[in-house]
Chemist: 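Below is one structure. I have some questions about it.
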Amino acid sequence: MATDRFQAPDYYLLDELLSDEHKLIRDSAREWVKKDVTPIIEEYAQKAEYPTQLTKGLADIGAFGPYIPTEYGGAGLDQISYGLIMQELERGDSGLRSAASVQSSLVMYPIYQYGNEAQRNKYLPKLASGEFIGSFGLTEPDHGSNPSGMITNFKDNGDHYLLNGAKMWITNSPICDVAVVWAKNEAGRIHGLIVERGMEGFTTPETHGKWSLRASRTGELVFDNVKVPKENLLPNKSGLGAPLGCLDSARYGIAWGVIGAAMDCYDSALRYSQERIQFDKPIASFQLVQKKLAEMITEITKAQLLTWRLGVLKNEGRATTQQISMAKRNNVDMALKIAREARQIHGGMGITGEYPIMRHMMNLESVITYEGTHDIHLLITGMDVTGISAFR
Ligand code: TGC
Ligand code: FAD
């Protein structure tokens with residue numbers, strides 16, 4: 001097992017922009033990842049298993065509902081703290097950050113924001129402590145980038161709703177206790193419903209054979225005449241804007257998270273290039289290797305600045321959907337390119353599990369697609385600057 005020698009790059013002294021509390025939160029997440037995640041994550045990714053034993057640690061570092069108020073079990077932190085936790089988790093593995101993103105922004109956030117007091121009290125503390133694992137069902141087999149076309153639906157059936165349909169590509173579906181599911185009512189309006197494991201007709205088949213996010217469980221949510229109690233409908237928001245509001249929060253976390261993956265790849269490539277001798281010199285002496293490293297640290301620094309500013313805007317309630325799209329798109333692309341360059345610097349060793357590079361690279365192939373593809377985010381920016389939608 002390789003020792004974790006990670007040293008976080010901070011070329012523009014961005015630590016000076018963080019409060020002492022931010023640094024404390026970031027450092028405790030970083031230490032936890034070093035101690036509990038990096039020693040085992042490669043093995044779990046190779047086995048295609050989610051390390052369930054990490055759930056308690058995730059809860060302890062505040063990764064489940066970082067910005068959810070403490071009265072509901074959340075950590076009551078600000079948006080920059082949330083971002084920093086995501087960065088440290090994804091430095092470990094995108095699968096872990098995914099688990100925290102889904103639980104926090106896609107399950108706890110809608111229950112907190114769109115739910116009533118009874119729903120908040122019933123679900124949020126258990127989700128915050130990791131006693132419950134949540135999943136979020138928006139994507140369907142025939143409706144990915146275009147969720148408004150969804151066919152999953154529910155009908156009023158007296159004292160309950162009858163839910164039918166299927167969701168696909170759902171993170172944590174095979175292990176979830178509760179799922180926030182988006183479905184259309186008889187009038188075609190989208191609503192969120194809380195579906196619990198054990199409800200008759202609700203199944204969660206696993207998706208196998210992924211080359212990406214192997215340490216994360218993915219599957220379907222299938223509803224065959226599931227009787228959902230009426231009190232499980234999220235009452236305070238409906239329409240496509242409701243799930244899209246959750247995505248704003250999760251995409252923001254991803255924009256921070258992938259910087260962690262990029263930092264890990266850069267850090268590993270820098271060290272390897274200083275230690276690996278070819279032609280009697282460290283390969284770091286060669287201009288072509290230096291070009292790669294110099295461009296990596298430049299792109300990481302730009303992404304750190306973009307994301308820090310976005311965090312400030314988010315704390316002030318001023319970050320727009322479109323600004324979040326830009327950061328998600330830019331930073332995932334940046335991280336993926338850095339992973340590919342870092343892989344080259346490691347030569348043949350870069351394809352092995354002895355270094356984290358190939359695992360990050362494969363993970364990022366999912367991250368560039370989920371939560372809105374690279375091109376969908378480009379079209380969101382295009383629409384914002386031109387005022388013209390090019391989606392349809
Ligand atoms: P459009 O007409 O643009 O919007 C429909 C309504 O929604 C409102 N709206 C928003 N409201 C709140 N927050 C936002 N971010 C919003 N964006 C839009 C909008 O104002 C409108 O409201 P109203 O009142 O006028 O009806 O919708 P469209 O059908 O044209 O679609 C736009 C598009 C393509 C940008 C959108 O649908 C989209 O983002 N598609 C990508 C789908 C996506 O990101 N799916 C992610 C699934 S979850 C996931 O991947 C989890 S991965 C988990 C992990 O980390 O492991
Ligand atoms: P499609 O929408 O079919 O897109 C295919 C290609 O067409 C893309 O390149 C896309 O950019 C392009 N395209 C589509 N429309 C346009 C357009 N108008 N203009 C230009 N190009 C276009 N979903 C959930 O709901 N919950 C989850 O927890 C979840 N977890 C996931 C975990 C993993 C590992 C993965 C891979 C996906 C997950 N998803 C989840 C689904 C994810 O959000 C979708 O895969 C994503 O939104 C894209 O949908 P799609 O795969 O159907 O691709």
Side-chain angles (χ1 to χ4, degrees), residues 48 50 86 89-90 93-107 109-110 113-114 133-150 152 166-176 179-183 188-190 192 204 206-221 237-258 319-325 328-329 332 362-384 388-392:
Y50 170 70
M86 296 301 121
L89 292 182
E90 196 141 4
D93 191 86
S94 303
L96 270 193
R97 199 268 309 132
S98 263
S101 289
V102 170
Q103 187 92 341
S104 303
S105 290
L106 300 182
V107 180
Y109 175 86
Q113 207 64 32
Y114 314 144
I133 296 295
S135 70
F136 174 89
L138 181 64
T139 307
E140 299 187 351
D142 295 329
H143 300 94
S145 298
N146 175 27
S148 70
M150 69 173 66
T152 299
K167 301 288 176 179
M168 191 180 177
W169 289 118
I170 307 304
T171 299
N172 282 346
S173 101
I175 54 169
C176 72
V180 169
V181 177
W182 301 95
R189 181 90 181 153
I190 294 172
T204 58
E206 183 151 11
T207 302
H208 294 287
K210 292 179 298 169
W211 284 111
S212 175
L213 285 182
R214 289 172 62 79
S216 165
R217 307 276 297 268
T218 313
E220 298 166 51
L221 303 172
K237 188 157 169 114
S238 63
L240 187 61
L244 290 180
C246 307
L247 296 183
D248 275 357
S249 179
R251 291 166 178 174
Y252 167 80
I254 290 174
W256 280 89
V258 293
T320 65
T321 293
Q322 294 79 5
Q323 288 167 337
I324 293 169
S325 273
K328 191 269 183 185
R329 178 176 184 274
V332 180
M362 294 195 304
N363 285 342
L364 290 163
E365 289 291 347
S366 284
V367 184
I368 203 163
T369 286
Y370 69 35
E371 300 270 7
T373 68
H374 188 64
D375 286 345
I376 288 293
H377 288 296
L378 176 129
L379 294 179
I380 289 174
T381 306
M383 183 165 86
D384 197 35
I388 303 167
S389 167
F391 290 113
R392 293 163 200 281

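Residue numbers count from 1 along this sequence. Start at 1 and go down the list; that is how both ligands and their atoms are numbered.
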Chemist: Which ligand 2 atoms, with their elements, are less than 4.0 angstrom from a heavy-atom of Leu138?
Modeler: 25 (O)
Chemist: What residue and atom, counting heavy atoms only, is the protein's closest point to atom 3 (O) of ligand 1, and at what distance?
Modeler: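 Result: Met383 CE, 4.8 Å.
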Chemist: Is ligand 2 under 4.0 Å from a heavy atom in the side chain of Leu213, in the backbone, in both, or in neither?
Modeler: side chain
Chemist: Below 3.5 Å, N or O to N or O, backbone or side chain included: is there any such pair between Phe391 and ligand 2?
Modeler: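 Yes, since at least one N or O of Phe391 sits under 3.5 Å from an N or O of ligand 2.
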Chemist: Which ligand 1 atoms are under 4.0 Å away from a heavy-atom of Gly144?
Modeler: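 With Gly144 as reference, the close atoms of ligand 1 come out as 42 (C).
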Chemist: Please confirm whether Pro147 comes under 4.0 Å of ligand 1, counting heavy atoms of the residue only.
Modeler: yes
Chemist: Among all protein heavy atoms in this structure, tell me which lies nearest to atom 4 (O) of ligand 2, with the distance rounded to 0.1 Å.
Modeler: Ser145 OG, 3.8 Å
Chemist: Among all protein heavy atoms, pick out the one at the shortest distance from atom 18 (C) of ligand 1; state its residue, atom name and that distance to 0.1 Å.
Modeler: Leu244 CD1, 3.4 Å
Chemist: Could you give me the CA-CA distance, side-chain angles and deciding distance for Arg217 and Glu206, then say whether salt bridge (charged side-chain N to carboxylate O under 4.0 Å, His left out) is met?
Modeler: CA-CA 7 Å; Arg217 307 276 297 268; Glu206 183 151 11; 2.8 Å; yes
Chemist: Are any of the heavy atoms in Ala250 under 4.0 Å away from ligand 1?
Modeler: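 Contact check Ala250 vs ligand 1: negative.
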Chemist: Does ligand 1 come near enough to Asn146 that some N or O of the ligand is less than 3.5 Å from an N or O of the residue?
Modeler: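 No, no N or O pair falls under 3.5 Å.
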Chemist: Which ligand 1 atoms are under 4.0 Å away from a heavy-atom of Phe136?
Modeler: 48 (S)
Chemist: Quick one: does Ser216 get a heavy atom under 4.0 Å from ligand 1?
Modeler: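 It does not, in that no heavy atom of Ser216 comes within the 4.0 Å cut-off of ligand 1.
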Chemist: Evaluate the 4.0 Å heavy atom contact test for atom 52 (S) of ligand 1: does a protein atom fall under the cut-off?
Modeler: yes
Chemist: Would you verify that at least one protein heavy atom lies under 4.0 Å from atom 19 (N) of ligand 2, or report that none does?
Modeler: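 For atom 19 (N) of ligand 2 the answer is yes, since some protein heavy atom falls inside 4.0 Å.
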Chemist: Check if Leu106 has a non-hydrogen atom at a distance under 4.0 Å from any atom of ligand 1.
Modeler: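 It does, in that a heavy atom of Leu106 comes within the 4.0 Å cut-off of ligand 1.
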Chemist: What part of Thr373, side chain, backbone, both or neither, has a heavy atom within less than 4.0 angstrom of ligand 2?
Modeler: side chain
Chemist: For atom 39 (O) of ligand 1, find the nearest protein heavy atom and state the residue, atom name and distance (0.1 Å precision).
Modeler: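 Here the nearest protein heavy atom works out to Arg251 NH2, 3.0 Å.
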Chemist: Tell me which protein heavy atom sits closest to atom 52 (O) of ligand 2, plus the residue, atom name and distance to 0.1 Å.
Modeler: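 Nearest neighbour among protein heavy atoms for atom 52 (O) of ligand 2, to 0.1 Å: Gly144 CA, 3.3 Å.
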Chemist: I need the nearest protein heavy-atom contact for atom 22 (C) of ligand 2: residue, atom name and distance, please.
Modeler: Ile376 CD1, 4.5 Å
Chemist: Tell me the contacting part of Asn146 for ligand 2: side chain, backbone, both, or neither, using a 4.0 Å heavy-atom threshold, strictly below.
Modeler: neither
Chemist: For ligand 2, find out whether one of its N or O atoms is nearer than 3.5 Å to an N or O atom of Thr171.
Modeler: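 Yes.
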Chemist: Flag Lys210 as yes when one of its N or O atoms lies below 3.5 Å from any N or O atom of ligand 2, and as no otherwise.
Modeler: no
Chemist: Does the N or O separation between Thr139 and ligand 2 drop below 3.5 Å for any pair?
Modeler: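 In this structure, Thr139 places an N or O atom under 3.5 Å from an N or O of ligand 2.
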Chemist: Flag atom 38 (C) of ligand 2 as yes if some protein heavy-atom distance to it falls below 4.0 Å, otherwise no.
Modeler: yes
Chemist: I want to know if ligand 1 touches Thr139 in the polar sense, i.e. an N/O pair below 3.5 angstrom.
Modeler: no
Chemist: With the threshold set strictly below 4.0 angstrom, can you tell me whether any protein non-hydrogen atom sits that near atom 1 (P) of ligand 1?
Modeler: no
Chemist: Using a 4.0 Å heavy-atom cut-off, say whether Glu371 meets ligand 2 through its side chain, its backbone, both or neither.
Modeler: backbone
Chemist: Checking contacts now, so for atom 13 (N) of ligand 1, which I'm interested in, is there any protein heavy atom under 4.0 Å?
Modeler: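 Neighbour list for atom 13 (N) of ligand 1 includes protein heavy atoms (cut-off 4.0 Å).
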Chemist: Is there at least one pair of N or O atoms, one from Ser101 and one from ligand 1, spaced under 3.5 Å apart?
Modeler: no
Chemist: Counting heavy atoms only, name the option from Trp182, Phe136, Tyr370 that's nearest to atom 35 (C) of ligand 2.
Modeler: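 Result: the heavy atom closest to atom 35 (C) of ligand 2 is in Tyr370.
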Chemist: Which residue and atom name correspond to the protein heavy atom nearest atom 28 (P) of ligand 1, and how close is it?
Modeler: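 Ranking protein heavy atoms by distance from atom 28 (P) of ligand 1, first comes Arg392 NH2, 3.4 Å.
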Chemist: Does atom 7 (O) of ligand 2 have a protein heavy-atom neighbour under 4.0 Å away?
Modeler: no
Chemist: Distance below 4.0 Å between atom 46 (C) of ligand 2 and any protein heavy atom?
Modeler: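 It does; a protein heavy atom is within 4.0 Å.
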Chemist: Would you say atom 21 (C) of ligand 1 has a protein heavy atom nearer than 4.0 Å?
Modeler: no
Chemist: Among all protein heavy atoms in this structure, tell me which lies nearest to atom 30 (N) of ligand 2, with the distance rounded to 0.1 Å.
Modeler: Trp169 O, 2.7 Å
Chemist: For atom 8 (C) of ligand 1, what is the closest protein heavy atom, and at what distance to 0.1 Å?
Modeler: Gly241 CA, 3.9 Å
